[in-house]
Amino acid sequence: MRRRPATLSAVAALLHHQGLDPAAIMRTIRDTAANPGQLLKLGLGNVDAAAAVKAAAAKK
């Protein structure tokens, strides 16, 4: 089964409900995003929701 990439706003909402402030949300998303093609225009790349939520839980 192929996973579909999560939208940035959905991941941000999940992290907000985890108790992260806006700066921590963006830092977590940037730290866990994947850009396998190293495309500069892609920005944050593919947001990995599972990795972002796992990283946020580890920071608590």
Visitor: Could you list the donor-acceptor pairs under 3.5 angstrom formed by side chains in residues 19-26, with sequence neighbours left out?
Guide:
| from | atom 1 | to | atom 2 | distance (Å) |
| --- | --- | --- | --- | --- |
| D21 | OD1 | A23 | N | 3.0 |
| D21 | OD1 | A24 | N | 2.9 |

Visitor: I'd like to check the side-chain contact (heavy atoms from CB on, under 4.5 Å) partners of A51; sequence neighbours left out, ordered by chain and number.
Guide: T32, D48
Visitor: Looking at every heavy atom in both I29 and L15, which two are closest together, and how far apart are they?
Guide: CG1-CD1, 3.8 Å
Visitor: Heavy atoms only: give me the nearest A52-V11 pair and the separation to one decimal.
Guide: CB-CG1, 3.8 Å
